[in-house]
Amino acid sequence: LPSDDPTKRDRLLGLLTQGLEDSKNGNAPGSQAKQAGCLSRWQRFLAAVGIQDIYLDGWTQEQQTYLLCAFAASVRRNLFGKKAKKQLAGSTVSSTVSNVCSSFRTNFRDDPSLDSTGKKALILARQLKRYIAEDPATLHQMALPVFVFTKIWQCQMTRKSTVLAQLILGALFFGLRSCEYTSVTRE
């Protein structure tokens with residue numbers, strides 16, 4: 001540390017500690033847990049292929065990218081996952097790779113998903129795009145018909161039923177995104 005004065009050095013150490021803690025807390029707890037889980041999966045993958053260094057120090061950018069592609073393939077096939085699924089969604093693979101790359105950056109390492117120009121490596125981008133394109137289309141659940149909500153509104157007899165009706169109708173408007181799930185024939 002630059003200061004020989006113990007008081008100034010202690011103040012600097014305290015501020016450094018607080019700054020690191022503030023940075024850590026800038027990431028939502030759920031995001032922290034997800035990032036830690038993805039990093040754990042990365043470590044299981046590396047152990048399975050005989051690599052000890054989780055941040056690939058000393059590896060070239062190309063080698064890191066190729067290894068990240070292999071990791072993405074293992075995630076897609078759920079080889080080191082904890083859930084009994086044969087194949088994971090492309091968006092899950094993409095977010096897992098992204099979380100691992102965030103761990104690299106958090107620990108002052110270069111992002112292994114980027115090429116020498118600072119853009120996402122084309123080989124990895126194409127791989128992730130393929131996974132997402134191969135995924136089946138999302139099947140949306142049918143929404144309740146509008147007359148059900150009309151009946152709920154008409155049955156307001158107590159303060160509690162009025163509040164419930166308002167909450168349910170709010171769900172129709174916001175939660176079900178009425179413009180996507182209902183057709184309007186008039187203004």
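A quick note: this is a predicted structure, and the numbers were derived from the prediction, not measured. We use all heavy atoms of the structure for the numbers below, so side chains are in, but hydrogens, waters and symmetry mates are not.
In this structure a side-chain-to-backbone donor-acceptor pair under 3.5 Å is missing from Arg126 to Leu122. Looking at Thr65, its side chain does come within 3.5 Å of a backbone N or O of Gln61 through a donor-acceptor pair. Side chain of Gln127 to backbone of Ala72: no donor-acceptor contact under 3.5 angstrom is found. In this structure, the side chain of Ser40 does not engage the main chain of Ala36 through any donor-acceptor pair within 3.5 Å.
With sequence neighbours left out, Asp111 forms a side chain to side chain contact (heavy atoms under 4.5 Å, CB included) with Cys101, Arg105, Ser113, Leu114. By the salt bridge (charged side-chain N to carboxylate O under 4.0 Å, His left out) test, Asp57 pairs with Arg109, sequence neighbours left out. For Ser116, there are no side chain to side chain donor-acceptor pair (under 3.5 Å) partners two or more places apart in sequence or in a different chain. Legend: residues meeting side chain to side chain contact (heavy atoms under 4.5 Å, CB included) with Gln52, ordered by chain and number and at least two apart, are absent. Under the side chain to side chain contact (heavy atoms under 4.5 Å, CB included) criterion, Ala89 pairs with Ser91, Thr92, Asp135, sequence neighbours left out. Residues passing the salt bridge (charged side-chain N to carboxylate O under 4.0 Å, His left out) test with Glu134 are Arg76, Arg130, sequence neighbours excluded. With sequence neighbours excluded, no residue satisfies ring-ring contact (aromatic ring centres under 6.0 Å, His included) with Tyr66. Legend: residues meeting side chain to side chain donor-acceptor pair (under 3.5 Å) with Gln156, ordered by chain and number and at least two apart, are Thr162. Thr117 is linked by a side chain to side chain contact (heavy atoms under 4.5 Å, CB included) to Asp115, Lys119, counting only residues two or more places apart in sequence or in another chain.
The other members of the hydrophobic cluster of Leu167, by chain and number, are Val163 (side-chain heavy atoms under 4.5 Å, ILVMFWY only). Grouped by direct or indirect side-chain proximity (heavy atoms under 4.5 Å, Ile/Leu/Val/Met/Phe/Trp/Tyr only), Phe108 sits alone. Chaining together hydrophobic side chains whose heavy atoms lie under 4.5 Å apart places Phe45 alongside Leu39, Trp42, Leu46, Val49, Ile51, Ile54, Tyr55, Leu56, Trp59, Leu67, Leu68, Phe71, Val75, Leu79, Phe80, Leu88, Val93, Val97, Val100, Phe104, Leu124, Leu128, Tyr131.
From Cys38, atom SG reaches atom CD of Gln43 across 11.5 Å, with rounding to the nearest 0.5 Å. Atom CG in Leu12 sits 12.5 Å away from atom OG1 in Thr7 (nearest 0.5 Å). Taking OG of Ser98 as the start and CD of Gln35 as the end, the distance is 8.5 Å to the nearest 0.5 Å.
Counting heavy atoms of neighbouring residues, nucleotides and ligands inside a 6.0 Å radius, atom CG of Asp110 does not exceed 12 of them.
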